[in-house]
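Numbering of ligands and ligand atoms starts at 1, following listing order.
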Amino acid sequence: MRNVTKDNITDVFMGYMSPDMSPRMREVLGALVRHMHDFARETKLTHEEWRAGIAFLEGCAAIESEDRHEFVLASDVLGLSSLIDMLHSSDDATSSSVLGPFHVSGAPPLEIGGDMKRHYGGPVLLAEGVVRDPEGNPIPNATIDIWQTAPNGLYASQDTEQDTYSFHGLQTVGDDGRYAFTTVKPVEYTVPSDGPVGDILRACGRHPWRPSHLHYIVEADGFRPLVTEIFSEDDPYLDQDTVFGVRSDLVMTYEKRPAAEFPSGMALSGQISEPYLHVTFDVTLARKT
Ligand code: BEZ
Ligand code: FE
C-alpha cells in the first residue's frame with residue numbers, strides 16, 4: 001500500500017499479515033494492533049507521550065530479573081492479570097486470584113495441624129477447611145501450597161533475614177478433604193514501588209498497598225489447579241487492593257476465640273495462652289475438562 005493514511009493504517013496492517021499465520025496469532029495480534037491504533041487515534045497520542053511509554057517499558061526491562069518481575073507487576077497494577085484470571089476461572093470453583101511474584105516452589109511438607117509461624121510473634125491464626133469437588137464431596141489427597149509474608153510484610157524471597165521457605169508450606173489433605181494449620185495473622189503490605197510501576201501508581205494518585213492475605217495453590221488429580229488467596233473482612237485495604245485481587249467469596253471472618261477453645265491435635269495444642277483467631281475456608285475445585 002503506497003497510500004497509508006491515519007484512517008486506513010489498521011486495515012493495511014491486517015492486510016500485511018500472511019494468510020499462512022496461525023489463526024490464533026492473527027486474532028490476538030490483530031486485536032492488539034487494532035486497539036493500539038484506536039487508542040492512539042482516540043487520545044491523539046503525542047510523540048512525547050509515545051516516548052514516555054517506551055521509556056516505561058525500557059525501565060521495566062532494566063530491572064527485570066529472577067527476583068523482580070516488573071512487567072508482571074505492571075500487568076498486576078493495571079488490572080490485566082486479574083482480568084485474565086477472571087476470564088478463565090470456573091463458575092463451579094472457588095474464585096481464583098493473583099499468584100503474585102513471590103511464591104517459592106518446593107515448599108516443605110506441612111502436616112495437618114502443623115504450624116507455619118515457628119518462632120515469629122503476632123496473633124495466632126488457625127486456618128482450616130475442606131477441599132471439595134463441585135458436588136460437595138471431599139477430595140482426598142488434594143495438596144495445598146500455602147505462603148504469606150512474615151510479620152514485617154516481606155516474603156521470604158524478598159528478605160535476606162528469612163529462610164528460603166519461611167512462611168511456605170505444602171499440606172496434603174486427609175481422606176476427609178480436611179486441612180488445618182496455624183500461622184500468624186497476615187499483615188497488609190506494599191508491592192514494590194521503587195521502579196517504573198511505582199511511577200504509574202503515583203501518577204494515578206494510587207497507593208501500593210495490598211490487603212492482608214494468605215495465598216493458596218490447591219491441586220488434585222483430575223481437577224483444575226486453583227491459585228487463590230483469602231482476605232480478612234476487617235482489612236482497611238479490602239476495597240482498594242492495588243492488584244485487584246479481592247473477590248467476595250474470598251473475604252473471610254477471622255473469629256477471635258478464647259485460648260481454652262484451641263483444639264487438640266494441632267502442633268501448637270497446649271501452647272496457646274492468649275485468644276487466637278480462627279478462619280474456616282472451604283475450597284471447591286472444578287473438574288478438568
Ligand atoms: C502478592 O500477593 O504476593 C502480589 C501480587 C501481585 C503483585 C505483587 C505481589
Ligand atoms: Fe501476596
Which side-chain N or O atoms in residues 139-150 pair as donor and acceptor under 3.5 Å with protein atoms at least two apart or in another chain?
from: D145; atom 1: OD2; to: H103; atom 2: NE2; distance (Å): 2.9
from: Q148; atom 1: OE1; to: T183; atom 2: OG1; distance (Å): 2.5
from: Q148; atom 1: NE2; to: V184; atom 2: O; distance (Å): 3.2

Do [X] and [Y] meet the criterion of a side-chain donor-acceptor pair at a distance under 3.5 Å?
X    : Y    : value
S96  : D85  : no
R247 : S82  : yes
S81  : S75  : yes
S232 : D235 : no
R41  : T10  : yes

Can you check which of L214, V77, D76 brings a heavy atom nearest to atom 7 (C) of ligand 1? D76
Below 3.5 angstrom, do we get any N/O pair linking H213 and ligand 1? yes
Should the proximity of H103 to ligand 1, defined as any heavy atom under 4.0 Å, be assigned to the side chain, the backbone, both, or neither? neither
For the side chain of R206 and the backbone of T242, is there at least one donor-acceptor N/O pair under 3.5 Å apart? yes
Applying a strict 4.0 Å limit to heavy atoms, is Y189 in contact with ligand 1? yes
Atoms listed for the Fe ion (ligand 2) (protein only, N, O or S, under 2.8 Å, no waters) are Y155 OH, Y189 OH, H213 NE2, H215 NE2
Under 30°, 30 to 60°, or over 60°: which ring-plane class applies to W209 and Y237, parallel, tilted or perpendicular? parallel
